[in-house]
Number of protein chains: 2
Amino acid sequence: MTEAATINRTGRKFQQVLDGAREVFLRDGFEGASVDDIARVAGVSKATLYSYFPDKRLLFSEITQTECNAMAERALNLIDETNPPREVLTIAASQIVPFLLSEFAQRIFRICMAERDRFPELARAFYAAGPGMGRQRLAEYLELSTARGELVIDDVQMAAEQFSELCKVKLWNLAAFGVQTEFSQEEIDDVVTNAVETFMARYGA
Amino acid sequence: MTEAATINRTGRKFQQVLDGAREVFLRDGFEGASVDDIARVAGVSKATLYSYFPDKRLLFSEITQTECNAMAERALNLIDETNPPREVLTIAASQIVPFLLSEFAQRIFRICMAERDRFPELARAFYAAGPGMGRQRLAEYLELSTARGELVIDDVQMAAEQFSELCKVKLWNLAAFGVQTEFSQEEIDDVVTNAVETFMARYGA
DNA sequence: TTGCAACTAAACTCACCGGTTTATATTTTT
DNA sequence: AAAAATATAAACCGGTGAGTTTAGTTGCAA
């Protein structure tokens, strides 16, 4: 007994269900999304949906985990370690800032916050795959660059955190609180250059 | 006609309702809180509650607006402008960091994120009363200190934002994503001194 | 004492939602 | 073509939650 309550991935319309669930969950969050709505958007009957997934929670976990992995993948291929720090950091910031402001990153972040009590694992997984991974990657570069004598850093983890945080200045709060949703290239560049400038003022060789 | 659907503040137990609603909303958020539960915690019948507030939404707005104003009040009396920047900023950061990590600030933030689509005004009001107000206050000090020649800042708004953001390093993310909830004085001091150090490296005279 | 206003508990309406079942139809396999 | 697997619509179940109604109680003021 004790049915494993697992996911049945064999059906013809499995991918349709995933796609529909992704759309609705990203739009409405966990509580906000109704299973009927997901089935309708997926172009599938509710019974079919339930023949793949034992319940709503597992469907939600599946979607968000997939999304987190996809994000980690994207975040990984950002840094070219051969250039001098100022250049590397400027390029990195130029990619980090718009990503942090993207509809996608903002949605996922909000869902994590909203469902943190219901799904503590979700927020933690997102942290590990997203901000945590990015900072780790950055810390490795800073370590290398310090060894080369290009930077002077005693605590690379702290330095990496500070740089990430400097990338959130101004615009991220505006986006998160819904005060402003569109950002000009000038606004972004301003944040990027100031992040690099402040970072280099402290850690530049 | 078109009943104003307004709040009736005259009843004897009005304050009880507010107190109960504050507790339950802060604990469970908007969707998570049931009106029955609020009435029970407030020690009041549901009919009485509905004789004060036309609906749940308005009750929620009332509570959160009150909370935001209270927070703005607290945040205002932080800075003593007569001391040198390094000291002022260290003291400010020492108060800002623990506040950002407090159960209260975290709860309100999460509720704002969770209900951003349902109550866009709520998140914006919180931003204006909280982060926005704090940064404005800090910017004024930086302006003053720059005029005195103690600091060298061309864009004080940007500098204020950077300092606030440096206060969020490491610990705030851990708290927001539920990875860690308790923080030692050492962890906090580490963030504070590094925030001040980095800030002064860029903007110190 | 009477009358009135606030309050109460409890039952009730109505809508929605997660999940199941049923009876039928379509595809795929043999 | 027959059998087996898969999908379907629609009805259904049990539960919950917002908001209303009702019938009765408390307390105060004239």
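A note on names: the letters A, B, ... follow the listed sequences, proteins ahead of strands, and every chain is numbered from 1.
- The pair B/Glu103-B/Arg27 fails the salt-bridge criterion, with no side-chain N (NZ, NE, NH1 or NH2) lying under 4.0 Å from an Asp/Glu carboxylate O.
- At C/dC7, none of the side-chain N or O atoms of B/Thr48 fall inside 4.0 Å of OP1 or OP2 (strictly under the cut-off).
- Using a 30° and 60° split on the angle between ring planes, A/Phe177 and B/Tyr127 fall in the tilted class, from 30° to 60°.
- Contact annotation for B/Phe14: no contact, since no heavy-atom pair falls under 4.0 Å across all strands.
- Between C/dA6 and B/Tyr52, no contact under 4.0 Å exists linking OP1 or OP2 to a side-chain N or O.
- A donor N or O paired with an acceptor N or O is found under 3.5 Å between the base of D/dG19 and the side-chain atoms of B/Lys46.
- Using a 4.0 Å cut-off between charged side-chain N and carboxylate O, A/Asp37 and A/Arg40 make a salt bridge.
- Nearest nucleotide to the B/Arg12 side chain, out of C/dT8, D/dG19, C/dA6: C/dA6.
- Of the candidates D/dA7, C/dT8, C/dT21, the closest approach to any side-chain atom of A/Ala47 belongs to C/dT21.
- In this entry the distance linking CZ of B/Arg40 with C1' of C/dA10 reads 15 Å, nearest Å.
- Interface residues of residues 16-36 of chain B facing DNA chain C, ordered by number: none; criterion, heavy-atom separation under 4.0 Å.
- Rounded to whole Å, the distance from NZ on A/Lys13 to C1' on D/dT6 is 9 Å.
- The pair B/Glu187-B/Lys170 does not meet the salt-bridge criterion, since no charged nitrogen lies less than 4.0 angstrom from a carboxylate oxygen.
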side-chain contact (heavy atoms from CB on, under 4.5 Å) between A/Gln136 and A/Glu140: does it pass, once the steps are laid out?
CA-CA 6 Å; A/Gln136 192 52 41; A/Glu140 284 161 21; 3.8 Å; yes
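- Checking the phosphate oxygens (OP1, OP2) of C/dT21, no side-chain nitrogen or oxygen of A/Tyr50 falls inside 4.0 Å.
- The interatomic distance linking A/Phe60 (CZ) with C/dG18 (P) rounds to 13 Å, in whole Å.
- Considering only heavy atoms from C-beta on, B/Leu18 stays 4.5 Å or farther from B/Tyr52 through its side chain.
- Summarising the geometry, the separation between CD1 on A/Ile38 and C1' on C/dC16 is reported as 15 Å, rounded to the nearest angstrom.
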Applying side-chain contact (heavy atoms from CB on, under 4.5 Å), run through A/Glu197 and A/Arg86 and close with a yes or a no.
CA-CA 9 Å; A/Glu197 201 62 44; A/Arg86 203 174 197 95; 2.9 Å; yes
